[in-house]
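Accompanying notes for the structure given below.
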Number of protein chains: 2
Amino acid sequence: MAYKSSASLATSVENDRSEWLDRIHKGHCVARMEALPENSVDVIFADPPYNLQLAGDLTRPDQSKVDAVDDAWDQFESFQAYDAFTRAWLLAARRVLKPNGTIWVIGSYHNIFRVGAAMQDLGFWILNDVVWRKTNPMPNFRGRRFQNAHETMIWASRDQNAKAYTFNYDSMKAANDDIQMRSDWLFPICSGGERLKDADGRKAHPTQKPEALLARVLLSSTKPGDVVLDPFFGTGTTGAVAKRLGRHYVGIEREDEYIEVAEARIAAVEPLEAHSVRAAVSKRAERRVPFVSLVEAGLVQPGAELTDSQRRWTARVRADGTIAIGDDAASIHRIGARVQGLDTCNGWTFWHVRTGEALTSIDDLRRTIRDSLGAVEA
Amino acid sequence: MAYKSSASLATSVENDRSEWLDRIHKGHCVARMEALPENSVDVIFADPPYNLQLAGDLTRPDQSKVDAVDDAWDQFESFQAYDAFTRAWLLAARRVLKPNGTIWVIGSYHNIFRVGAAMQDLGFWILNDVVWRKTNPMPNFRGRRFQNAHETMIWASRDQNAKAYTFNYDSMKAANDDIQMRSDWLFPICSGGERLKDADGRKAHPTQKPEALLARVLLSSTKPGDVVLDPFFGTGTTGAVAKRLGRHYVGIEREDEYIEVAEARIAAVEPLEAHSVRAAVSKRAERRVPFVSLVEAGLVQPGAELTDSQRRWTARVRADGTIAIGDDAASIHRIGARVQGLDTCNGWTFWHVRTGEALTSIDDLRRTIRDSLGAVEA
DNA sequence: ATACTAATTGAATCACCTC
DNA sequence: CGAGGTGATTCAATTAGTA
């Protein structure tokens, strides 16, 4: 154990938890983690650079420029350089983790596959991958891909054989209307009053995470009094939520600017009373069911005819969930509007399918789907 | 091209698509893909095995077998073997893919991170990761983890610079009630009548995917008549959906048992009519109509005034199809950009003509021209 | 103050054709 | 093959501005 035989500072931090607990440590994550005592941390939450590799500028349809994450800390020369960085901090993280500790790492498709593979290579044992579905993600402005509407978190134990890690199954289930908590979570992105701003009103950090996300992470996998380490502390969301929930935090951050914001933020946090440290689960969103789901579910066949309640117009259903009159194909709403010469139309109530002599509104068919979805957040 | 100089079978399959198209090829996926002509496939859908204990599927680079064992070192060994297997089939897949082709790979947290990292290492360029959220996933019986309620698909182009891959943005958006399709999709798992059973009533394949999932994959990223390859064909979901949607399929499968089921299944599929399976037309694909055509058609008179929707600026139409403010004449786009102080502007949507008190966008006039052209051509 | 409308913004790997 | 012109493209929330 390199640590025990090293400098007096290291010995002192090991002997006196107050010297390194509930504090932000300035410096590089690897060096600072190496200075912490091994087997000392219950949970790690890590939000490492995503290595976005953005090329040119991107403008919205109104020609305004998208504020890209172009900070120096997100730039790597190559995948190899990113992998080396990833392995280095994961190794240092594993050393400070208790044998029954767990680690969360969040990322996007740009980096999460490399991170996940490195975690497996280093001996971490993946317990779940958890998808953060954003209620309000940024659109895809050029229409060249699917809207990138989620990020991925990997939750892993230190070792394959660690069986005594903390998972508060019952509180997760209770918080989720007595249905076990799924691996896909729905939260808004961090904005509004929660989003930290600098003196000029600009966002203090480009990638601040919502507190609700961190709260569910900590409520699911830590106990009150546990030690939570965040090696990419930023503006301190992990620390703020940990303090509020009665957990200890350890933050590591390189940028003075972020540290300053985080210190003030955490100082203002009032810990909840012990008995009220419970899950705050967002209310279930209303289920939106797109028309294509009716086709996919077989409730409406491709090629079937839709008609309005007066049987004045008919349109034909296509496999991709559009409907067509002749070669004019678009959504149920657009076609409904077009035949009536209107700007808008609620296709759900306008269009019907024939069932024998009678007509059934496709809105009624949608109800069938909604009922079958049951507890799943749409 | 190694292929062209190889055996006569290979030459014949290259020369005659009917010898390898809409067929199931029995054998190992790598060997069978190597026997297909390069640059011949539009889209690949791959559902590779991810049971790390499946020794039979895993071979070292030298093709020697790996013993599946479960202590830590051998776990590492089997990761190595799994990576070698993954790289081998991905390389073979990349060779048969057209330059603007795309590939879908589905997996769970057991394997998807290794697969994704390998794809990036081999030069594939990730376009999206798409989450399949299951409406009815298997519960976590021991209550030691979150319910594993999703799987992950990676969608990638063959090369970083491939910009002309197929993505039916407008189809996806129209099918989703005119909101762009997100990266998280909600579908039930494959069960009930869709789930194929053997003579004893047991499921014919352990990981049969729902047809609705494949339908959205193919409707989003292929055109009618495209060639879809599935190197882990199983019971042929990809083939059945491809045939139904008017796409060609190529299946590769090792097990006779699965091939038999798949053949019968696909034979029973009735293709939808052509008009039901076309993608919604995108504006990008529409015939280009230059502004001067509106002048030539008499829809806009030389000397007429154009104005923006707020009536802030006006420009005068000239007989040559340019527009002018004072002596400053240029295209509808250049002048639109100039008055707004922007780099670019879509003059079609920016400029309007006065019709009495109201304004009509010149884009609407263009539609008139396009409609009349369509009548001539169609 | 209140209600409505307009503007802003968020981890983004975001054209294509012709000359 | 590179330069330059044409022209396609956004969802949910918050915040600012206006009546």
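Here is the naming used below: chain letters follow the sequence lines, and residue numbers restart at 1 for every chain.
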Heavy-atom donor-acceptor pair, A:Asp74 side chain to A:Asn51 backbone, under 3.5 Å: yes

Whole-Å gap separating P (C:dT8) and CZ (A:Arg195): 18 Å

Ring geometry between B:Phe167 and B:Trp155 (parallel below 30°, tilted from 30 to 60°, perpendicular above 60°): tilted

Under 3.5 Å side-chain donor-acceptor pair for B:Ser171 and B:Arg278: no

Between D:dG7 and C:dC19 - P atom distance, rounded Å: 13 Å

Span that lies between the C1' atom of D:dC1 and that of C:dC16, in whole angstrom: 15 Å

Spacing of the P atoms in D:dT9 and C:dA11 (rounded, Å): 25 Å

Gap between atoms CZ and P, on B:Arg338 and D:dT6 respectively (whole Å): 11 Å

Whole-Å gap separating P (D:dT14) and CZ (A:Arg202): 23 Å

Distance below 4.0 Å between A:Lys209 side-chain N/O and C:dA11 OP1 or OP2: no

Geometric class of the B:Trp313/B:Phe350 ring pair [parallel <30°, tilted 30-60°, perpendicular >60°]: tilted

Sugar-phosphate only, base, or nothing, as touched by B:Leu127 at under 4.0 Å among non-hydrogen atoms: nothing

Euclidean distance, atom CZ of residue A:Arg60 to atom C1' of D:dG7 [Å, nearest integer]: 20 Å

Nearest-angstrom distance, C1' atom, C:dT18 to C:dC14: 23 Å

Sugar-phosphate, base or nothing in reach of A:Gln63, heavy atoms under 4.0 Å: base

Output a table of nitrogen or oxygen pairs between the protein and nucleotides 14-18 of chain C separated by less than 3.5 Å.
residue: C:dC14; atom: O2; partner: A:Asn140; partner atom: OD1; Å: 3.0
residue: C:dC14; atom: O2; partner: A:Phe141; partner atom: N; Å: 3.1
residue: C:dC14; atom: O2; partner: A:Arg142; partner atom: N; Å: 2.3
residue: C:dC14; atom: N3; partner: A:Phe141; partner atom: N; Å: 2.9
residue: C:dC14; atom: N4; partner: A:Pro139; partner atom: O; Å: 3.4
residue: C:dA15; atom: OP2; partner: A:Arg142; partner atom: NH1; Å: 2.9
residue: C:dC16; atom: OP1; partner: A:Arg144; partner atom: NH2; Å: 3.3
residue: C:dC16; atom: OP1; partner: B:Lys163; partner atom: O; Å: 3.4
residue: C:dC16; atom: OP2; partner: B:Lys163; partner atom: O; Å: 3.0

Rounded distance in Å - CH2 (B:Trp348) to C1' (D:dT6): 10 Å

Value in whole Å for how far the C1' atom of C:dA12 lies from CH2 of B:Trp155: 15 Å

Criterion salt bridge (Lys or Arg N to Asp or Glu O under 4.0 Å) on A:Glu211 and A:Arg265, from CA distance to verdict: CA-CA 12 Å; A:Glu211 294 197 1; A:Arg265 174 188 192 180; 2.9 Å; yes

Sugar-phosphate only, base, or nothing, as touched by B:Thr344 at under 4.0 Å among non-hydrogen atoms: base

Sugar-phosphate, base or nothing in reach of B:Thr349, heavy atoms under 4.0 Å: nothing

Whole-Å P distance, C:dA12 and D:dT6: 31 Å

Sugar-phosphate only, base, or nothing, as touched by B:Cys345 at under 4.0 Å among non-hydrogen atoms: base

Nearest-Å distance for atom pair CD/C1', residues A:Gln75 and C:dA12: 13 Å

Whole-Å distance separating the CG atom of A:Asn136 from the P atom of C:dA11: 9 Å

Presence of A:Lys203 side-chain N/O under 4.0 Å of C:dG10 phosphate oxygens OP1/OP2: yes

Touch class at under 4.0 angstrom, heavy-atom based, for B:Asn161 against every strand present: nothing

Residue pair A:Trp89, A:Phe232: steps toward the ring-ring contact (aromatic ring centres under 6.0 Å, His included) verdict: CA-CA 10 Å; A:Trp89 76 256; A:Phe232 305 96; 5.1 Å; yes

Short side-chain N/O contact to D:dT6 OP1/OP2 from B:His333, under 4.0 Å: no

side-chain N/O A:Ser191 vs D:dT14 OP1/OP2, d < 4.0 Å: no

